[in-house]
Trainee: 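Quick one: structure below, then a few questions.
Numbers here simply count residues along the sequence, with the first being 1.
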Amino acid sequence: MAVLSIISRTASRRSVRALGVVAASAALALSASGNALACNINEFSAEAKCDGDNGVITVTDVDPAGIPATVTVSLKSTGEQVGQETVKGSKEGTTVSFAVDWQPNTEYRVHVKADRYVDEYIKPDVTTPSTPCKTEDTPSPTPSESSSTPSDETESPAPEPSTSAPAPSQPESTAPAAVPNDNAPSPAAGDSNLAETGANSNTGMIAGIAAALVVVGGGAVFFGMRRRGAKSGS
């Protein structure tokens, strides 16, 4: 009987120990399962991208437990807060966006606070693309001024050909030059002027008369000299 009692007590102690081990294992499994279902920073991701001409920073929460989390975005260089939003995650993922007028290659920090589970920054920090979302409009080239534009100055008209006939030159006297003779009578002054200017249309007749007078005068002189010679010889 004493032997049986000892065996029974030993078996009972072993059973208690085994039950304790099983309970501890179950507690550890439940704890691990609880931690797996709890929200953690690895369930959050952030990205900087363009939405049309505007820059945005998007934060996505894939926490299947749907624990609300506060997301804060700030500029890394100055710590200036850009925006703050509350997101409730889902298995498919829930996304919140922050409109940011960011410059290329600018770094932002994204902080997540979810109850007692998460209170830290998403790693790595968010860096904006190297090119802006909106490119500056290139001005269209203005048409150059034509070099063949007409001059403001009006061209002077070509001189019209003259229709007026040239003034006739004064006719020269056609009268033959008279042989000078000391005994010949000199023509009248009026006749000389008319002969030089050519104003009298009877120039030829006057010249003929003058020539005749010269001949007559010469003949008179000749006969006069003969008479004088005859008288001196008698």
Trainee: Can you name the closest pair of heavy atoms from F98 and Q84 and give their distance?
Mentor: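 Minimum heavy-atom contact is CE2-N, 3.5 Å.
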Trainee: From D125 CG over to K76 NZ, what is the distance, rounded to the nearest 0.5 angstrom?
Mentor: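 Result: 4.0 Å between the selected atoms.
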Trainee: Please check if any side-chain donor atom of S97 sits under 3.5 Å from a side-chain acceptor atom of T58, or the reverse.
Mentor: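 Checked: S97/T58 side chains show no N/O donor-acceptor pair below 3.5 Å.
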Trainee: What's the separation between atom CD1 in I57 and atom CG in D51, rounded to the nearest 0.5 Å?
Mentor: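 I57 atom CD1 to D51 atom CG measures 13.0 Å (nearest 0.5 Å).
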Trainee: If I compare all heavy atoms of F44 with all of V87, which pair ends up nearest, and what's the gap?
Mentor: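 What the structure gives for the nearest pair is CE2-CG1, 4.2 Å.
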Trainee: Should V82 and V96 be regarded as members of a common hydrophobic cluster, given that ILVMFWY residues are connected when their side-chain heavy atoms come within less than 4.5 Å of each other, either directly or indirectly?
Mentor: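 As far as the 4.5 Å side-chain criterion goes, V96 and V82 are connected within one cluster.
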Trainee: Is there a side-chain contact (heavy atoms from CB on, under 4.5 Å) between K49 and V56? Walk through the geometry before answering.
Mentor: CA-CA 6 Å; K49 60 182 182 179; V56 295; 4.0 Å; yes
Trainee: Under 4.5 Å between any side-chain heavy atoms of Y108 and T128, yes or no?
Mentor: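 In short, these two side chains touch, coming nearer than 4.5 Å.
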Trainee: Measure the spacing between SG of C39 and NZ of K113 and express it to the nearest 0.5 Å.
Mentor: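 Those atoms lie 10.5 Å apart.
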Trainee: With a 3.5 Å cut-off and no angle check, do the side chains of Q81 and S74 form a donor-acceptor pair?
Mentor: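 Not at all, the side chains of Q81 and S74 share no donor-acceptor pair under 3.5 Å.
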Trainee: Under a 4.5 Å cut-off applied to non-hydrogen side-chain atoms, are D61 and E43 in contact?
Mentor: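 Counting from C-beta outward, D61 and E43 do come under 4.5 Å.
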Trainee: Hey, any chance I41 and V110 share a hydrophobic cluster, counting ILVMFWY side chains that come within less than 4.5 Å of each other, even indirectly?
Mentor: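 Yes.
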Trainee: Taking side chain as C-beta onward, heavy atoms only, is N105 less than 4.5 Å from S130?
Mentor: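 Yes - at least one pair of side-chain heavy atoms lies under 4.5 Å apart.
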Trainee: Evaluate the side-chain contact (heavy atoms from CB on, under 4.5 Å) criterion for residues R109 and T72: first the C-alpha distance (whole Å), next the side-chain angles of each, then the deciding distance (0.1 Å), finally the verdict.
Mentor: CA-CA 8 Å; R109 305 192 72 185; T72 305; over 6 Å; no
Trainee: Rounded at 0.5 Å granularity, tell me how far CD1 in I206 sits from CG in L213.
Mentor: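 It is 11.5 Å, given to the nearest 0.5 Å.
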Trainee: Do I122 and V59 have side-chain heavy atoms sitting under 4.5 Å apart?
Mentor: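 Yes, at least one pair of side-chain atoms sits under 4.5 Å.
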Trainee: Counting only heavy atoms not in K91 (residues, nucleotides, ligands), do more than 12 fall under 6.0 Å from its NZ?
Mentor: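 No, NZ of K91 has 12 or fewer neighbouring heavy atoms, counting only those of other groups under 6.0 Å.
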Trainee: Kindly work out whether a path of hydrophobic side-chain contacts (I/L/V/M/F/W/Y, heavy atoms less than 4.5 Å apart) joins V100 to L75.
Mentor: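 Yes: a chain of side-chain contacts under 4.5 Å links V100 to L75.
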Trainee: Of the non-hydrogen atoms in P129 and W102, which two are nearest, and what is the gap between them?
Mentor: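 For P129 versus W102, the nearest heavy atoms are CD-CH2, 3.4 Å.
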Trainee: Under the side-chain contact (heavy atoms from CB on, under 4.5 Å) rule, what do T94 and K88 come out as? Steps first, then yes or no, please.
Mentor: CA-CA 7 Å; T94 304; K88 187 176 181 179; 5.9 Å; no
Trainee: Between CG of N42 and CG of D63, what distance do you get to the nearest 0.5 Å?
Mentor: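 Rounded to the nearest 0.5 Å, the CG-CG separation comes to 11.5 Å.
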Trainee: According to a hydrophobic-cluster definition based on side-chain heavy atoms being under 4.5 Å apart (Ile, Leu, Val, Met, Phe, Trp, Tyr only), do V71 and Y117 belong together?
Mentor: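 They do share one cluster, since a chain of ILVMFWY contacts under 4.5 Å joins V71 to Y117.
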Trainee: Grab the two heavy atoms, one from V126 and one from A46, that are nearest each other, plus how far apart they are.
Mentor: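 The pair with the smallest heavy-atom distance is CG2-CB, 3.5 Å.
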